[in-house]
Enquirer: 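Please see the structure below; I have some questions.
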Amino acid sequence: MEEYSNKQSTENLDDPPNSRLFVVTSRSITEDELRESFAGFGDIQGVWVVKDKQTKESKGIAYIKFAKSSQACLAMEEMHGKVVMEGTKPIKVFIAQSRSSTRHRDVEDEELTRIFVMIPKTFSEEDLKNTFKEYGEIEYCVIIKNKFTGESKGLGYVRYYKPSQAAVAIENCDKTYRAILAEPRNKASVSEDYNSGAGGGGGGGVGGGPRGDYGGGPDAMNQYAFNMGDPGNYQVMDYRSTDFTRFLMVSTRAALSQEQIFSLFDIIPGMEYCELQRDAYGMSKGHALIRYSNLGSAVYAKEKLNGFEYPPGNKLVVNFVDDGEDRSSPVGRMAMQFVATQMMSSVWNGPSSSQGLKPMQPLQQGYSGMSPMSRIQTDVSLPPPKKLAPPDSKAKERLFVVFSPSPLPPDVLEDVFCRFGSLIEVHLVPGRKVGYMKYADKQCADDAMAALHGHVVNGVKMKVMLADPPREESHKRPRTY
DNA sequence: CGACGGGACGC
DNA sequence: CGACGGGACGC
């Protein structure tokens, strides 16, 4: 029919967003006159003057749809306040509210001049400005940084002076910047923390163990109120050579796996041996035998874990295997304090400083290829850790990993999956029991898959497969623009 | 079964 | 003040 139809199909009104003008005119202005006045600013897709149902007279309101937001913005900037026809009042021009919006306030320039972009973490604010100044004069740039470390979060804001400049930037800048209009800063946006992934969802799950959710655990870690005066005395004493027993027996009414007990007693450094006692049918008898490399660790473990509820409601009973010796003797006390000191220093200085206990842990039994200090417990014979490939390496292969019953922490995964070489990064899918491992070398990825598929790490069984290729980049913009 | 695509400002 | 019409393809 009418080739220059004024109709605007409903679904196009907000496509792209902010491409439609709301114009307040004199009632005598016609659609044709408006079209003529606005034609120079871009591709007009529709002009509509709102008229009274009965009288068919203009209500002095019109909508003009452009193909692009930048065209609409430019037209707004240029035409607002202009007299379209001799003897009539100047028109007012705004970006129209989206049809779904319930708001009745004009869209202000404030909401149209600031863009939100994703940038390399190495970008300075100067870099940001230099990148985006080609679309228009910039009022200011800011990069969102970690408040404490000052490091960039890879996100930034750019404020222009005119809506058309922001719109042109969004339309024309490199797609990798993911530029969108910034939301006004007043309203609280979504929380930035997605770290809830490793949570205890397993609730008594096989693999979890107490590690990581130490909050409700024994008071071992926050109680260092022992006397630390003159620690030198403890070090001259070679309590490792004592004949005091270092065997503990833990009894539990609830069914705990060997992995769970291992994780629990491995909190105290120096554990050498942990074995769940089983009957002739392989069923747990509710007892496990634990040996530490030194008396202090054993005393400390009994002190802290005897009576500890794990899982909550199940009180553990921890005893020395033979009860002949007096372990509250000064020697036992001092030995325990030495261990506590080591643990505290490892808390303060990080795991690397815990090397001090290494010589005390010469052997393992039942857990191949790992030291008792390691966080890794697995049925795989793991090669030693290898360096990661540089983060900007090109991914030649990706592995898709499914965890059961629950995902392993990322640092553990990195430790395990790096050992075949060329690992770039570990990516866990939040809220799911799956993840991706990026490798810079195909052979390394294949080796990791061959070695790890179907195996168990820290009580978590893994399926390790080649990942499907990533989805093609969708050309739809999910949000504004 | 078990799939990735992101995002927010000390007012 | 100044905020949302007309009309109806074809799977």
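Chain letters run A, B, ... following the sequence lines, proteins first, then strands; residues in each count from 1. Owing to the predicted nature of the structure, the values given are computational and were not obtained by experimental measurement.
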Enquirer: Could you tell me whether A:Arg105 and A:Glu111 make a salt bridge, using a distance below 4.0 angstrom between a side-chain N and a carboxylate O?
Expert: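 Salt bridge present between A:Arg105 and A:Glu111.
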Enquirer: Give a yes or no on this: more than 12 heavy atoms of other residues, nucleotides or ligands lie within 6.0 Å of atom CD of A:Glu108.
Expert: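 Buried by this count: over 12 neighbours within 6.0 Å.
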Enquirer: Which nucleotide in the set C:dA3, B:dC9, B:dG2 lies at the smallest distance from any side-chain heavy atom of A:Lys463?
Expert: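 Nucleotide nearest to A:Lys463's side chain: B:dG2.
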Enquirer: If you assign each of A:Gly156 and A:Arg398 to its closest nucleotide in DNA chain B, which residue comes earlier from the 5' end?
Expert: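 It is A:Arg398 whose nearest nucleotide is closer to the 5' end.
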Enquirer: So is the aromatic ring of A:Phe22 stacked onto the base of C:dG2, judging by whether the centres are under 5.5 Å apart and the planes are under 30° apart?
Expert: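 No; by the centre-distance and plane-angle rule, A:Phe22 does not count as stacking on C:dG2.
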Enquirer: Between A:Leu428 and A:Val402, just flag the one whose closest nucleotide in DNA chain B comes earlier from the 5' side.
Expert: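 Nearest nucleotide further toward 5': that of A:Val402.
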Enquirer: Counting only side-chain N and O atoms of A:Arg27, is one of them less than 4.0 Å from OP1 or OP2 of C:dG2?
Expert: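 Looking at the OP1 and OP2 atoms of C:dG2, one of them is under 4.0 Å from a side-chain N or O of A:Arg27.
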Enquirer: Would you say A:Thr131 and A:Phe123 make side-chain contact, with heavy atoms under 4.5 Å?
Expert: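 The answer is yes, as the side chains (C-beta and beyond) meet within the 4.5 Å cut-off.
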Enquirer: Which nucleotide wins on minimum distance to the side chain of A:Arg178, given the candidates C:dC4, B:dG6, C:dG2?
Expert: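 It is B:dG6.
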Enquirer: Whole-Å distance between C:dA3 P and A:Arg103 CZ?
Expert: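 After rounding, the reported distance stands at 16 Å.
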Enquirer: Could you tell me how far apart A:Lys59 (NZ) and C:dC4 (C1') are, to the nearest whole angstrom?
Expert: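 Rounded to whole Å, this separation is 9 Å.
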Enquirer: Of the nucleotides B:dA8, B:dC1, B:dC4, which has the atom closest to the A:Val429 side chain?
Expert: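 Closest nucleotide among those given: B:dC4.
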Enquirer: Reckon A:Val23 touches a base, only the sugar-phosphate, or nothing at all at heavy-atom distances under 4.0 Å?
Expert: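 Counting heavy atoms under 4.0 Å across all strands, no contact is made by A:Val23.
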Enquirer: How long is the line joining CD of A:Glu111 and P of B:dA8, in whole Å?
Expert: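 In whole Å, B:dA8 P and A:Glu111 CD are 20 Å from each other.
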Enquirer: Examine A:Arg159 relative to A:Tyr140 and say whether NZ or CZ is less than 6.0 Å from the centre of the six-membered ring and inside a 45° cone about the ring axis.
Expert: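 No cation-pi geometry.
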Enquirer: Of the options B:dG7, B:dA3, B:dC9, whose atoms approach the side-chain atoms of A:Phe400 most closely?
Expert: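 The nucleotide sitting nearest to the side chain is B:dA3.
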Enquirer: For the base of B:dG10, is there a side-chain donor-acceptor partner from A:Lys147 under 3.5 Å away?
Expert: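 Flag unset: no donor-acceptor pair detected.
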Enquirer: Does A:Tyr157 lie flat on the base of B:dA8, that is, centres under 5.5 Å apart and planes under 30° off?
Expert: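 By the stated criterion, A:Tyr157 and B:dA8 do not stack.
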Enquirer: Could you tell me whether the side chain of A:Ile44 reaches within less than 4.5 Å of the side chain of A:Ile64, counting heavy atoms only?
Expert: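 The answer is yes, as the side chains (C-beta and beyond) meet within the 4.5 Å cut-off.
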Enquirer: Is A:Tyr63 stacked against the base of C:dC4, taking the criterion as centroid distance under 5.5 angstrom and interplanar angle under 30°?
Expert: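 By the stated criterion, A:Tyr63 and C:dC4 stack.
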Enquirer: Would one find more than 12 heavy atoms of other residues, nucleotides or ligands at under 6.0 Å from atom CD of A:Glu36?
Expert: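 For A:Glu36, atom CD is not crowded (no more than 12 foreign heavy atoms under 6.0 Å).
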Enquirer: Measure the distance from CE on A:Met76 to P on C:dG2 and round it to the nearest whole Å.
Expert: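 Interatomic distance, CE of A:Met76 to P of C:dG2: 20 Å.
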Enquirer: Which is more 5' along DNA chain C, the nucleotide nearest A:Val49 or the one nearest A:Asp106? Just name the residue.
Expert: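 Upstream on the strand: A:Asp106.
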Enquirer: With the side chain counted from C-beta on, respond yes when A:Glu171 and A:Ser69 share a heavy-atom pair under 4.5 Å apart, and no when they do not.
Expert: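 Touching, per the 4.5 Å side-chain cut-off.
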Enquirer: Please state how far atom CG in A:Leu21 lies from atom P in C:dA3, giving the value in whole angstrom units.
Expert: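 The answer, rounded to whole Å, is 17 Å.
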Enquirer: In this structure, how many angstroms lie between the C1' atom of B:dC4 and the CG atom of A:Leu399, rounded?
Expert: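 After rounding, the reported distance stands at 14 Å.
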Enquirer: Give the nucleotide from the list C:dA3, C:dG2, B:dC4 with an atom nearest to the side chain of A:His104.
Expert: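 Of all the options, the side chain of A:His104 is nearest to C:dA3.
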Enquirer: Quick check for you: among B:dA8, B:dG5, B:dC4, whose closest atom lies nearest to any side-chain atom of A:Ile144?
Expert: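 When the side chain of A:Ile144 is considered, B:dA8 is the closest of B:dA8, B:dG5, B:dC4.
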Enquirer: With a non-hydrogen cut-off below 4.0 angstrom, is A:Phe403 in contact with a base, only sugar-phosphate, or nothing?
Expert: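 Nothing: the residue A:Phe403, judged by heavy atoms under 4.0 Å, touches no strand.
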Enquirer: Using a cut-off of 4.0 Å on non-hydrogen atoms, how would the nucleic acid contact of A:Lys53 be classed: base, sugar-phosphate, or nothing?
Expert: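 Contact class for A:Lys53: sugar-phosphate only.
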Enquirer: Under 4.0 Å between a side-chain N or O of A:His427 and OP1 or OP2 of B:dA3?
Expert: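 Answer no for this pair, as no side-chain N or O of A:His427 is under 4.0 Å from OP1 or OP2.
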Enquirer: Just the rounded figure in Å: distance from C1' of B:dG6 to OH of A:Tyr436.
Expert: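 For the pair A:Tyr436 OH and B:dG6 C1', the rounded distance is 14 Å.
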Enquirer: Check this one for me: any side-chain N or O of A:Arg432 less than 4.0 Å away from OP1 or OP2 of B:dA3?
Expert: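 True: A:Arg432 side-chain N/O within range (under 4.0 Å) of B:dA3 OP1/OP2.
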Enquirer: Expressed in angstrom and rounded to an integer, what is the separation of A:Trp48 atom CH2 from C:dG5 atom C1'?
Expert: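 Answer to the nearest Å: 5 Å.
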Enquirer: Considering only heavy atoms and no angle criterion, is a donor-acceptor pair shorter than 3.5 Å present between the side chain of A:Arg20 and the base of C:dC4?
Expert: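 Yes.
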Enquirer: A:Arg99 side chain N/O closer than 4.0 Å to the phosphate oxygens (OP1, OP2) of C:dG5?
Expert: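 The answer is yes; a side-chain N or O of A:Arg99 sits under 4.0 Å from OP1 or OP2.
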